[in-house]
Amino acid sequence: MDFAALTDWYDHNHRRLPWRETRDPYRIWLSEVILQQTRVAQGLDYYDRFVGRFPSVADLAAADEDEVLKLWQGLGYYSRARNLHAAARQVVERHGGIFPTAYADVRALKGIGDYTAAAVVSFSADAPYPVVDGNVYRVLSRLLDIDTPIDTTAGKKEFAEAAFALLAEYLVRKGHRGAGLYNQAVMELGALVCTPRSPQCAACPLAGGCLALKRGTVGERPVKRGKTAQTPRFFHYLHITDEHGRTAIRRREGNDIWKGLYEFPLVETPTGAEFGTLPLPFADFVWQGSVRMPKHVLSHRIIHAVFHRITVTDLTALSLPDDWRVIPSGRLGDYAVSRLTELYLTRDR
DNA sequence: TAAGCGTGGTG
DNA sequence: TCACCAAGCTT
């Protein structure tokens with residue numbers, strides 16, 4: 001690999017992003033978690049809000065999980081927010097509130113895998129660990145023309161070894177400094193030049209040594225095995241209100257989508273169903289109508305959701321399931337909700 | 001270990 | 001419209 005061309009390209013072309021203006025491992029970690037499976041443009045505002053609300057890892061650890069989820073609302077993959085909060089508490093307990101920069105310590109924190117650990121320690125402390133993310137898979141699969149599927153155990157091993165070998169070679173030539181810069185450069189090249197579609201090979205500093213470009217296989221790299229099908233789910237939400245301006249919500253628990261978020265009481269059916277067939281925990285109510293939402297598409301699910309509007313006299317007088325919370329309707333905005341529920345609450349009427 | 005986990009952008 | 005994707009991790 002032409003390392004000099006790569007780092008020279010990076011110096012002149014990289015984006016100035018807020019998490020690149022610091023070597024604070026806490027902020028770098030925060031940005032890396034936000035950016036997992038997420039575009040920079042989508043994560044930027046969230047990063048600013050998190051840094052503003054939680055200037056230090058101790059501030060984050062001291063917060064309630066619900067507040068962290070509320071700040072994360074709309075970003076998706078909510079386990080990231082729960083793990084972020086849990087990891088902050090681990091940092092306080094294990095490291096006295098000082099975010100670690102030793103790879104093993106970082107890797108041991110909740111929600112941090114091989115990629116994020118390498119990113120944090122190399123960007124913050126220039127530690128010699130190669131990052132292997134989607135960008136790197138793409139760059140290396142083309143540079144070395146590797147056709148092993150990246151979403152297999154064998155593929156992950158092969159790419160990790162290739163990444164390690166390249167970083168080692170770079171470090172030997174550079175006097176064992178600059179791992180962070182090298183990692184940033186490879187990733188940025190993947191993000192701006194070696195893109196999934198229409199890669200800009202003419203502008204690529206590594207084009208001269210790119211095996212896939214020479215062989216004409218750029219469009220076939222990287223190889224991925226397969227995608228899992230999107231299966232449908234049918235959600236019936238009970239939007240219950242009473243004469244005192246109250247409504248009922250509950251927190252999603254268990255290993256399912258939107259864990260930790262709040263929503264109206266839900267009845268899930270195996271297929272589509274009519275309101276009259278749904279079981280309700282009380283009998284004295286008036287059905288005001290139903291709102292069918294557009295198909296809500298997740299990565300592995302398509303949710304068919306209907307919000308049923310129901311009125312009762314006094315929610316607090318009813319015998320309701322233990323996990324229901326009766327709250328003033330005006331306080332709904334205090335709770336983290338899915339985009340689906342947010343869309344319902346903010347829809348045009 | 002393959003499947004599950006969100007949302008929004010793009011060609 | 002639709003497939004594919006965007007700085008992955010957990011179980």
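Every chain is numbered from 1, with letters handed out A, B, ... down the list of sequences.
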Would A:Arg80 and A:Tyr77 count as a cation-pi pair here, with the cationic atom under 6.0 angstrom from the ring centre and within 45° of the axis? no
For the ring pair A:His308 and A:His239, is the centre-to-centre distance below 6.0 Å? no
By the 4.0 Å heavy-atom rule, please label A:Ile34 as base, sugar-phosphate, or nothing. nothing
Hey, which sits more toward the 5' end of DNA chain B by its nearest nucleotide, A:Leu340 or A:Arg225? A:Arg225
Just to be sure I understand the rule, does A:Asp256 reach a base, reach only the sugar-phosphate, or reach nothing, if contact means heavy atoms closer than 4.0 Å? sugar-phosphate
Just to be sure I understand the rule, does A:Thr116 reach a base, reach only the sugar-phosphate, or reach nothing, if contact means heavy atoms closer than 4.0 Å? sugar-phosphate
What is the distance, rounded to the nearest whole Å, between atom CG of A:Leu192 and atom P of C:dA6? 12 Å
For A:Val297, report the nucleic acid contact type (base, sugar-phosphate, nothing); a contact means any heavy atom under 4.0 Å. base
Establish, from distance only, whether the side-chain atoms of A:Arg27 and A:Tyr47 form a donor-acceptor pair under 3.5 Å. no
A:Leu298 atom CG is separated from C:dC4 atom P, nearest whole Å, by 18 Å
Check every strand shown and say whether A:Asn255 touches a base, only sugar-phosphate, or nothing at a heavy-atom separation below 4.0 Å. nothing
Indicate yes or no: does A:Asp323 engage A:Arg251 in a salt bridge with an N to O separation below 4.0 Å. no
Starting from P on C:dC5, measure out to CZ on A:Arg197 and report it in whole angstrom. 7 Å
Using heavy atoms to find the nearest nucleotide of DNA chain B for A:Thr152 and A:His300 separately, return the residue whose nucleotide is more 5′. A:Thr152
Pairwise C1' distance, C:dC4 and B:dG6 [rounded to whole Å]: 15 Å
Sugar-phosphate only, base, or nothing, as touched by A:Trp19 at under 4.0 Å among non-hydrogen atoms: base
Tell me whether the OP1 or OP2 atom of C:dT10 has a side-chain N or O from A:Tyr77 closer than 4.0 Å. no
Of the nucleotides C:dC4, C:dG8, C:dT10, which has the atom closest to the A:Arg107 side chain? C:dT10
Should the pair A:Arg89-A:Glu93 be classified as a salt bridge under the 4.0 Å nitrogen-to-oxygen rule? no
Could you give the CD-to-P distance, from A:Gln37 to B:dG9, as a whole number of Å? 17 Å
Is A:Ile257 touching bases, backbone alone, or none of the nucleic acid, heavy atoms closer than 4.0 Å? sugar-phosphate
Length of the line joining A:Asp151:CG and C:dG8:P, which is rounded to integer Å: 14 Å
Is there a side-chain contact between A:Arg39 and the phosphate of C:dC5, meaning an N or O under 4.0 Å from OP1 or OP2? no
Provide the distance between the two C1' atoms, one in B:dT1 and one in B:dC5, to the nearest whole Å. 16 Å
Starting from the 5' end of DNA chain C, give me the residue, A:Gly111 or A:Leu35, whose nearest nucleotide shows up first. A:Leu35
Closer than 4.0 Å, any side-chain N/O of A:Lys224 to the OP1 or OP2 of C:dC5? yes
Whole-Å distance, A:Arg82 CZ to C:dG8 C1', equals 15 Å
Within the structure shown, what part of the strands sits under 4.0 Å from A:Gly43 by heavy-atom distance: base, sugar-phosphate, or nothing? nothing
Side chains of A:Asp66 and A:Tyr262: do they bring a donor and an acceptor to under 3.5 Å? yes
Kindly say if A:Trp258 contacts the phosphate of B:dT7, meaning a side-chain N or O under 4.0 Å from OP1 or OP2. yes
Any carboxylate oxygen within less than 4.0 angstrom of a Lys/Arg side-chain nitrogen, looking at A:Asp151 and A:Lys156? no
Touch class at under 4.0 angstrom, heavy-atom based, for A:Leu17 against every strand present: base
Less than 4.0 angstrom between a side-chain N/O of A:His296 and OP1 or OP2 of B:dT7, yes or no? yes
Counting only side-chain N and O atoms of A:Thr153, is one of them less than 4.0 Å from OP1 or OP2 of B:dT1? yes
Atom-pair distance (CG on A:Leu44; C1' on B:dG8), nearest Å: 14 Å
Please state whether the phosphate of C:dA6, meaning OP1 or OP2, lies under 4.0 angstrom from any side-chain nitrogen or oxygen of A:Arg138. yes
Think A:Gln42 has a side-chain N or O under 4.0 angstrom from the OP1 or OP2 of B:dT7? no
Figure out the CZ/P separation between A:Arg252 and B:dG4, and round it to whole Å. 15 Å
Categorize A:Val136 for me: base, sugar-phosphate, or nothing, with a 4.0 angstrom heavy-atom threshold over every strand shown. nothing
